> 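Got a structure here, written out as structure tokens. Questions coming.
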Amino acid sequence: MSLLLPIIFLLAASLIFVPLAKRYLGTTVPGYLVAGLVLGSSVTGLVEDQQLIQSLLELGMISFMLFLGLAFRPLQLWQERRNLLKDSGLALALISLTLVATCFLIFNQLLASIIVGFALALSAVTPVRQLLQNKQQLHNSVGQASLATLQFQTFVSLILIVLFPLLEDTATTSHGIAYFAAIMATISGLFLASRYLVRPAFRFLVHKNSLHLIAALSLLVILSVILIMDILHIHILIGAFLAGLLLAETEFKAEVERIITPFKDAASGLFFLALGLGLSLQPLIHSPGLIAGSILGLILIKAGIIAAIHYYHVRHARVSSLMAVTLAQSGEFSFILLKLAAHESLLPQPVLQPVLLIVFGSILLTPLLYWLLDTEILPRLQKKPVVAPEDVPRHPILIVGFGRFGQVLARALHAQGKRFSAIDSNQPEAVFIEQYGHRFIDADVSQPENLRAAGIEYCKLLILAIDDVEDSMNLARYLRLNHPDLTLFARARDRHHAHLLNDLGIQAIWRETYASSLLMAQQALIETGLSSVDAQTQIERFKQQDELLLIQQHWVHDQQDSSGYYSSAIAELEYLFENTKTLPPDRLSNDQNIQSDANSLNDMS
């Protein structure tokens, strides 16, 4: 019963603080840290069992390293090594030297200053990923640059963890040359085991239709690697990371991730919950100004160096500043290195507790600074002046939205020698197209003055290629109202988006992925025995039927509330399957009748 009560408290506190952190900060990590802090001895003292806290912390660190190994991409890291060393490597080196020097001035202890400086220089992993995912920026310039930097820092952190035993003042076989020989032999052995044991074992389970045992085999691999690390006196965290990397290098990685991914958030939450339980507020009570100033100083030093170096390479202020704020905090590796140093008696407790609070404060402050920079500061600083009339492009084609859809269109137009203008606020690097005679405007497409600056008054054809449905519809309504004579081509994400565009009187609509899906289906028919001519005929028949169904749906939607006509996407799919005619390849269809039916229904709509 004594063990159940603390667990109940931990679960209850997590259910209170974690959703609040997710909603207001965009990441669950501060919620877990605050929940642990509230339950710890510094606040309520509801959970004070040090053995339980230590067990939770060790389990959380092992889980974190395991999932980190699954997500690690050594080949990608090697391919991008030059750019990473010039950007992320230089930034990490300068930050580390600056922080080590600063810590030495404060502590006047060289070893402690080196450990703290290098630990604080490392950025958080889980909070950054969650923040970028919440802001839908994982795949843009800020997200990709941040994730690449985190991959590099993960590699550096592993090296630091490996080097920690060498700092002990002992002389056992686990040190020096023998220690590194054991590590190299282990990595080589795991590589061979992956090829000749792990992968064949997974294939055997698949061959025997025993996919349900993949979870058991994965657990066996993880525990075996950790046991080998323990026998060789290599840190268990390195073993957990290598176990994750071992599973990631098999062709069954997707199946393994499908099984264990549901536990990922809980595992990372356990790690931060245990860290919160071990935090002490005494340094904050005794020296609040020093702690607050240290948090701000840490963020300013890291953000300033990262922004300066990244701007030197990419020459884009917005991307560099957002990336700098994203990586300005310290994180999991900081906690791990500091805890390891304290465990090895390399870092005294009077130094450890204030530094842990600084790491906690930086994690808590980063989402707020990101929001302030992204929504308040940058929009005001980067508000572009109205383009002078003589500078407004007068190209006949304007592409609104320059993502993956608009870029393909642009390349096709460029191949035919057609001049165009493009406007987008999320692709600043696309300005290079101007050297080929086109024009790119880095601006928000939802603002009318930006459309005028892009030359909408002079264009004859506007291609609406925005990915977001709501933004697409708002802009389409504005264009229909203010530019009714403008020829408008629109991209639709799905059938429902196509219906909404059609409601505005837009007839030239291209559904996303529709054409490529039909081309793949045509090739599939050829692979199953149809001739190329028959396959093309069948696909053309299907396209006519589908257009007829789309017109029928639109006509019905005009008579009813279109928002609630189908209870779900599956309900609509069921309707489409029910009304799709199957035509054998050896039977001719009355295509003219289908086309005439479609034309008549189009007139009705």
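Predicted, not measured: the structure shown is a model, and the values here were computed from it.
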> Please determine which of Thr366, Leu150, Thr149 meets the side-chain contact (heavy atoms from CB on, under 4.5 Å) test together with Val128.
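For Val128, the side-chain contact (heavy atoms from CB on, under 4.5 Å) test succeeds with only one of Thr366, Leu150, Thr149, which is Leu150.
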> Heavy atoms only: give me the nearest Ser425-Asp442 pair and the separation to one decimal.
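Smallest interatomic distance, heavy atoms only, reads CA-OD1, 3.5 Å.
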> Applying side chain to side chain donor-acceptor pair (under 3.5 Å), can you list everything that pairs with Thr27, at least two apart in sequence or on another chain?
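Gln130.
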> Enter the distance from Leu356:CG to Leu338:CG here, rounded to the nearest 0.5 Å.
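It is 5.5 Å, given to the nearest 0.5 Å.
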> Please say whether more than 12 non-hydrogen atoms of neighbouring residues, nucleotides or ligands are located less than 6.0 Å from NE2 in His343.
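At most 12 heavy atoms, drawn from other residues, nucleotides or ligands, come within 6.0 Å of this atom.
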> Could you check, using the six-membered ring where one of them is a Trp, whether Phe118 and Phe333 have ring centers closer than 6.0 angstrom?
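Not under 6.0 Å, so no.
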> Among residues at least two apart in sequence or on other chains, which ones pass side chain to side chain contact (heavy atoms under 4.5 Å, CB included) with Arg199?
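Residues passing side chain to side chain contact (heavy atoms under 4.5 Å, CB included) with Arg199: Ser194, Arg203, Glu249, Thr250, Glu251.
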> Rounded to the nearest 0.5 Å, how far does OG of Ser330 lie from NZ of Lys302?
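If we round to the nearest 0.5 Å, Lys302:NZ and Ser330:OG are 4.0 Å apart.
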> So does Gln144 have more than 12 non-hydrogen atoms from other groups sitting under 6.0 Å from CD?
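More than 12 heavy atoms, drawn from other residues, nucleotides or ligands, come within 6.0 Å of this atom.
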> Quick one: list whatever passes ring pair (Phe, Tyr, Trp, His ring centres under 6.0 Å) with Phe72, sequence neighbours left out.
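Scan of Phe72 (ring pair (Phe, Tyr, Trp, His ring centres under 6.0 Å), adjacent residues dropped) gives Phe241.
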> Say you draw a straight line from CD1 of Ile115 to CG of Leu346; how long is it, rounded to the nearest 0.5 Å?
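So the gap between those two atoms works out to 4.5 Å.
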> Heavy-atom distance under 4.5 Å between the side chains of Val314 and Asp87, does that happen here?
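Of all side-chain heavy-atom pairs linking Asp87 with Val314, none is under 4.5 Å.
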> Check the surroundings of atom CZ in Arg195: do more than 12 heavy atoms from other residues, nucleotides or ligands lie under 6.0 Å from it?
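No.
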> Tell me, please, which residues at least two apart from Asp49 pass side chain to side chain donor-acceptor pair (under 3.5 Å).
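None.
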> Only counting residues at least two apart or in another chain, list the ones meeting side chain to side chain donor-acceptor pair (under 3.5 Å) with Ser123.
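Ser123 satisfies side chain to side chain donor-acceptor pair (under 3.5 Å) with no other residue.
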> What is the ring orientation for Phe64 with Phe271, classed by angle as parallel under 30°, tilted 30 to 60°, or perpendicular over 60°?
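Ring orientation, 0 to 90° scale: parallel.
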> Please, which pairs that meet salt bridge (charged side-chain N to carboxylate O under 4.0 Å, His left out) have at least one residue in residues 358-377, sequence neighbours excluded?
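Passing the test, one end in residues 358-377: Arg318-Asp374, Glu376-Arg380.
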> Could you grab the distance from atom CG of Leu277 to atom CD of Gln54, nearest 0.5 Å is fine?
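The CG atom of Leu277 sits 11.5 Å away from the CD atom of Gln54.
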